Amino acid sequence: MVNQSTIAQFILKGFSDIPIVNAVCTGIFLIIYTFGILGNISVITVIIKDGHLHTPMYFFLKNLSFLDVCYVSVTMPKAIVNTILGSEEISFLECVVQLYLFFTLAGTECFLLTAMAYDRCMAIYRPLLYEITTNRKLCWELVSTSWICGAFYAIFHAINTFSLPFCGPNVIDHFFCDIPTVMRLSCVDYHANEEWSFIYSSCIILGAFVLTIISYICIISTIIKIQHVQGRWKAFSTCSCHLTTIFLFYGTGSSMYLRPTSDYSPIQGRLAAMFYSVITPTLNPVIYCLRNKEIKVSLKKVFIKYREKNEKRLS
C-alpha cells in the first residue's frame, strides 16, 4: 500500500454532530458495550466450564462470542474515549488499522455464520454421519478458515480505500473509520474504488449468504419430513437462535454495504453502523441465553457455584 497522503490524522465526529446528543449517545453505548462484553464473556466461560456443552454447536458459539467481543471492541473504545476526553483525533495509521480490523472481523463473522449453518445442516440432514464427519479437527479447520478468509477479505478493502490520496478535508462524518466516509475525503475521484468495493463485498457476502441458504433448504426439507410435531419443534429450536443472528447480521450489514453508493447518507450510515457494529454483537448472547435451555441451565450452575465460593470466603 502506497501512502500518498499529506494528512497525518483524521477527525472523528462521533455519534452525533450535536455535542449534547453525542454525550448522551456515548453514555448509552458505554452501557451497551459493557453489557455486550460481559454477556459474550459469560457465554464463553459457561461453554468452557460445562463439559456437556463441549459439542461442535457450542464450539462454534464460543468462537462467535469471542469474535463479537473483538468486533465491538474495534470501534467503541476509541469513540467513547474520544468523547470523554473531548478529543476527536485519530491518526492516519490508527484509521488504517481500525478499518482493516473491523472488516477482518466482519468478514470472519460472515464466514463463521456460514460454517455454523453447515454444522446445523449436518446435524439434522445427516444425523447418522454427524458425529463421524463433524469432529474437533474439522471444527478447528472451519473456524481457522473463517479467520483467514476474513483477513484476506479486509486486505482488499484496506488497499482499495487507502491507496487513494488524502490531501484536503480530514473530518470523518462517522464514529469510526468506515469505507464510504473515508473515501469521500479523497482529493481525487473515488467512485471507481467505491464501485469495486461494492462489487467485491456483494460477491463475498452474497456468496456466503447463498451457502447459508442452501444449508437451511436442506434443514427445512428434513424438518418437514419429520412426522411428530415435537420432533419438528426440537429440530427447529436448535436452529432458531442461529437464524435470528443471521437475520440481524445480514439485515443490518446489507443495508449499509449492499446498496448503490449514490444513496449513501451520513446520518443513515451512522444509524446502520450502530446496529451492525454494536447492537448485533451485544444481542447475540441474549438471543442464545433466552432461546437455549442448555445455556440457561449452565449459566445458573456457574452462578450458583460462584455464589457458594464467595459465601465460603466470607464465612
Side-chain angles (χ1 to χ4, degrees), residues 11-48 61-90 94-95 97-99 101-103 105-106 108-109 113 172-178 181 241 244-253 255-256 266-292 295-296 298-300 302-304 306-307 310:
I11 302 297
L12 292 172
K13 279 193 173 182
F15 301 105
S16 174
D17 297 336
I18 305 171
I20 297 177
V21 175
N22 188 40
V24 172
C25 288
T26 300
I28 293 171
F29 281 109
L30 177 59
I31 295 171
I32 294 174
Y33 172 68
T34 305
F35 181 76
I37 294 295
L38 293 176
N40 281 294
I41 290 176
S42 297
V43 171
I44 294 170
T45 304
V46 166
I47 293 173
I48 291 173
L61 176 57
K62 178 178 65 177
N63 280 275
L64 178 65
S65 294
F66 172 73
L67 182 63
D68 284 337
V69 170
C70 300
Y71 189 37
V72 74
S73 296
V74 168
T75 57
M76 291 307 297
K78 182 66 176 178
I80 292 170
V81 169
N82 276 5
T83 303
I84 293 174
L85 298 179
S87 172
E88 299 176 331
E89 298 175 356
I90 182 170
E94 281 182 304
C95 192
V97 172
Q98 187 182 64
L99 186 143
L101 290 177
F102 179 79
F103 281 94
L105 295 166
T108 301
E109 181 147 350
L113 289 174
I172 298 175
D173 199 4
H174 213 314
F175 62 91
F176 70 95
C177 293
D178 201 3
T181 49
C241 298
T244 305
T245 302
I246 286 173
F247 286 134
L248 280 172
F249 180 77
Y250 281 103
T252 55
S255 66
M256 179 65 183
I267 296 176
Q268 291 178 358
R270 282 182 189 176
L271 290 173
M274 288 175 187
F275 277 95
Y276 67 74
S277 67
V278 185
I279 305 298
T280 300
T282 302
L283 285 178
N284 283 344
V286 177
I287 293 167
Y288 279 95
C289 289
L290 291 178
R291 302 292 297 275
N292 192 299
I295 290 286
K296 285 193 286 187
S298 297
L299 276 171
K300 288 179 181 178
V302 172
F303 176 74
I304 290 170
Y306 179 76
R307 188 176 63 182
N310 284 340

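It should be emphasised that the depicted structure is a prediction, and the values quoted were computed from it without experimental measurement.
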**Q** Do L64 and E109 come close enough that some side-chain heavy atom pair is under 4.5 Å?
**A** yes
**Q** To the nearest 0.5 Å, tell me how far F175 CZ sits from I90 CD1.
**A** 12.0 Å
**Q** Working to the nearest 0.5 angstrom, can you tell me the gap between L283 CG and F249 CZ?
**A** 14.0 Å
**Q** Taking C-beta and beyond as the side chain, do L30 and T34 meet within less than 4.5 Å on heavy atoms?
**A** yes
**Q** Could you check H174 against R270 for side-chain contact (heavy atoms from CB on, under 4.5 Å), going step by step and ending with a plain yes or no?
**A** CA-CA 6 Å; H174 213 314; R270 282 182 189 176; 4.2 Å; yes
**Q** Taking side chain to side chain contact (heavy atoms under 4.5 Å, CB included) as the criterion, tell me which of V69, L105, D68 meets it with P281.
**A** D68
**Q** Quick one: pull up CG in N40 and OH in Y71 and give me the separation to the nearest 0.5 Å.
**A** 12.5 Å
**Q** side-chain contact (heavy atoms from CB on, under 4.5 Å) between V286 and F35: does it pass, once the steps are laid out?
**A** CA-CA 10 Å; V286 177; F35 181 76; 3.6 Å; yes
**Q** Just wondering, do F176 and V74 contact through their side chains at under 4.5 Å, heavy atoms?
**A** no
**Q** Would you indicate whether the side-chain heavy atoms of I172 and K13 approach each other to under 4.5 Å?
**A** no
**Q** Side chains of N22 and E88, heavy atoms from C-beta outward: is any pair under 4.5 Å?
**A** no
**Q** Are F103 and D178 packed together at the side-chain level, in the sense that at least one heavy-atom pair is separated by less than 4.5 angstrom?
**A** yes
**Q** Would you call V278 and Y33 a side-chain contact if the rule is heavy atoms closer than 4.5 Å?
**A** no
**Q** Mind checking whether C241 and L61 have side chains closer than 4.5 Å, heavy atoms only?
**A** no
**Q** To the nearest 0.5 Å, tell me how far S87 OG sits from K78 NZ.
**A** 6.5 Å
**Q** Between F102 and Y276, how do the two ring planes meet: parallel, tilted or perpendicular, split at 30° and 60°?
**A** tilted
